[in-house]
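The analysis underlying the following values was restricted to heavy atoms, covering all of them including side chains, and did not include hydrogens, waters or symmetry mates.
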Amino acid sequence: MILSAFIIAIGFGIVAPILPQYASDFGVSALAVSAVVSAFGLFRLLFAPLSGRLTEKLGETPVYVVGLLIVAASMVATAFAPSYELLLIFRALGGIGSTFFTVSAMTFLARKAPPHIRGRVAGAYASAFLIGNVAGPLVGSALVVLGPRVPFLVYGGALVVAAGVVFVMLRKSRLQDRLTRDSRSRASVAEAWARPSYRAALASGFANGWASFGVRNSVVPLFAAGAFVGGGWIIDSAQLAGIALAVFAAGNVSVVLTLAKRSDQWGRRPPIIIGLTIAALATGTLGFSPDPWTLLALSAVAGAGTGLIVPAQQAAVADIVGEGRNGGSVVSVFQMTQDLGSIVGPLLAGLIVDQLGYTWAFGLTGLIMLVAVGAWAVAPETLPAAAQRAASDTEDDEPNPRSAT
């Protein structure tokens with residue numbers, strides 16, 4: 001799963017900074033460009049319940065592989081889209097496959113990871129995505145000189161490779177799913193909704209979807225490519241979009257590799273609250289950037305804040321599902337909420353950019369993240385005390401000096 005996540009992230013990072021510019025080449029507005037990102041999220045939202053049911057019925061790995069192949073096909077179609085309307089359709093269809101592999105992966109990790117290392121597992125999985133996201137935008141900026149279609153074709157090929165990796169390396173897990181699927185207890189959405197921490201996770205998931213998966217991938221590339229044209233900076237303004245996304249991902253990686261696993265000792269709430277606050281302040285002030293260096297610095301800080309949020313948030317949802325249980329529906333509702341943010345965020349931010357400018361769009365995004373801080377401030381911790389003690393005793397797989405004495 002981790003190797004596959006890295007391959008997927010490389011490909012996604014390649015197309016993320018290029019897609020908004022690719023869409024704008026059809027002569028459409030910032031709102032229409034943002035709609036390309038939102039359409040992907042909309043179909044993820046619509047098909048998330050189906051992905052949860054399929055995961056419960058067929059097992060995680062088959063749904064994961066099929067999802068990757070669907071997105072691969074959509075990428076190839078996107079590369080040859082002859083009109084904006086067809087581009088919108090092809091990207092939307094890719095959202096179906098995306099929710100398939102996202103929900104099945106989260107369900108798989110929630111079922112397999114024991115509570116006392118759940119944060120470390122989520123951190124390792126997130127690290128693979130983030131490291132790939134660092135390299136991807138840089139590769140994409142280099143590939144764009146070969147033509148606008150090449151990055152999409154490369155991403156499609158990467159997804160086929162990732163599907164092959166999972167199909168081969170998790171073949172034993174597929175057999176296990178067939179034997180144990182029906183005997184596993186299921187975590188219901190009603191059960192999860194009764195817990196304030198799950199409702200807080202939905203709030204932070206919505207905010208993170210709005211900021212990191214929506215505005216970050218639609219409005220930021222447009223701002224980076226257009227706000228500093230003619231400034232005489234060291235690289236072309238169009239390539240600055242890829243650099244900004246890569247720096248954001250680098251900020252993610254620096255935190256995930258060093259601090260994300262600490263949620264097993266500190267609990268889930270502190271990293272989420274601190275991360276949301278940092279990302280909110282950095283993103284909310286992005287529109288005031290007077291030069292590219294400030295843009296890149298704020299992107300790095302926002303990435304660092306997001307690096308605290310995502311692994312702890314995933315671990316919190318896994319805590320709520322419980323070890324060994326099938327939580328496809330619980331995970332799919334969380335994913336739907338995150339996707340809703342990634343749909344609403346780009347559309348509303350794109351509309352605000354057209355009417356009021358980038359400063360207001362980024363400011364609203366920061367405010368949404370601060371609302372999620374309030375939700376977690378009143379929610380209880382999800383990490384059991386026993387698991388927290390066990391994590392402290394097995395930190396970094398080294399003997400704990402306190403237990404030795």
Side-chain angles (χ1 to χ4, degrees), residues 1-23 36-37 39-41 43-44 51 60-81 87 90-106 108-109 124-171 212-213 216-217 221 239 241-243 245-246 248-250 252-253 256 310 342:
M1 281 290 188
I2 291 173
L3 177 58
S4 176
F6 176 74
I7 297 172
I8 294 168
I10 284 280
F12 180 79
I14 287 173
V15 303
I18 296 168
L19 181 61
Q21 298 173 58
Y22 183 70
V36 174
V37 177
F40 185 84
F43 271 61
R44 280 171 57 93
S51 68
E60 294 92 349
T61 50
V63 177
Y64 189 92
V65 170
V66 170
L68 290 179
L69 295 178
I70 291 174
V71 182
S74 77
M75 283 294 97
V76 175
T78 297
F80 296 100
L87 170 65
F90 294 149
R91 282 297 291 163
L93 293 177
I96 300 174
S98 179
T99 196
F100 279 13
F101 75 71
T102 302
V103 170
S104 58
M106 286 187 63
F108 182 86
L109 295 176
Y125 186 72
S127 296
F129 265 111
L130 297 173
I131 294 171
N133 281 338
V134 172
L138 300 177
V139 175
S141 295
L143 287 176
V144 74
V145 300
L146 302 177
R149 296 176 177 174
V150 172
F152 299 102
L153 295 175
V154 170
Y155 184 26
L159 290 170
V160 173
V161 172
V165 168
V166 172
F167 183 82
V168 172
M169 298 185 70
L170 292 184
R171 57 188 180 279
S212 300
F213 301 110
R216 181 68 51 182
N217 291 323
Q239 293 179 317
I243 301 296
L245 293 186
F248 175 84
N252 263 266
V253 172
V256 169
V310 175
S342 71

**Item:** Steps toward side-chain contact (heavy atoms from CB on, under 4.5 Å) verdict (Ile8, Leu159)
**Value:** CA-CA 6 Å; Ile8 294 168; Leu159 290 170; 3.9 Å; yes

**Asked** Quick one: are Leu93 and Ile70 in side-chain contact, heavy atoms under 4.5 Å?
**Response** no

**Prompt:** For the ring pair Tyr22 and Phe152, is the centre-to-centre distance below 6.0 Å?
**Reply:** yes

**Prompt:** If every non-hydrogen atom of Ala5 is compared with every non-hydrogen atom of Tyr64, which pair is closest and at what distance?
**Reply:** N-OH, 4.3 Å

**Request:** Test side-chain contact (heavy atoms from CB on, under 4.5 Å) on Val63 and Phe101 and set out the steps.
**Result:** CA-CA 6 Å; Val63 177; Phe101 75 71; over 6 Å; no

**Complete:** Looking only at heavy atoms, the pair that brings Leu68 and Ala162 closest together is CD1-C, 3.7 Å

**Fill in**
In terms of heavy-atom contacts, Gly94 and Val71 come closest through O-CG2, 3.3 Å

**Request:** Give the intermediate values and the outcome of side-chain hydrogen bond (donor to acceptor under 3.5 Å, both in side chains) for residues Tyr155 and Thr78.
**Result:** CA-CA 11 Å; Tyr155 184 26; Thr78 297; over 6 Å; no

**Prompt:** How far does CG of Leu153 sit from CE of Met75, to the nearest 0.5 angstrom?
**Reply:** 10.0 Å

**Side chain proximity check, Phe43 to Ser98, heavy atoms < 4.5 angstrom** = no

**Message:** Under a 3.5 Å threshold, yes or no: a donor from one side chain and an acceptor from the other, between Ser51 and Arg44?
**Reply:** no

**Criterion side-chain contact (heavy atoms from CB on, under 4.5 Å) on Thr102 and Thr99, from CA distance to verdict** = CA-CA 5 Å; Thr102 302; Thr99 196; 5.5 Å; no

**Prompt:** Minimum heavy-atom separation for Ala23 to Val36, with atom names?
**Reply:** CB-CG2, 3.9 Å

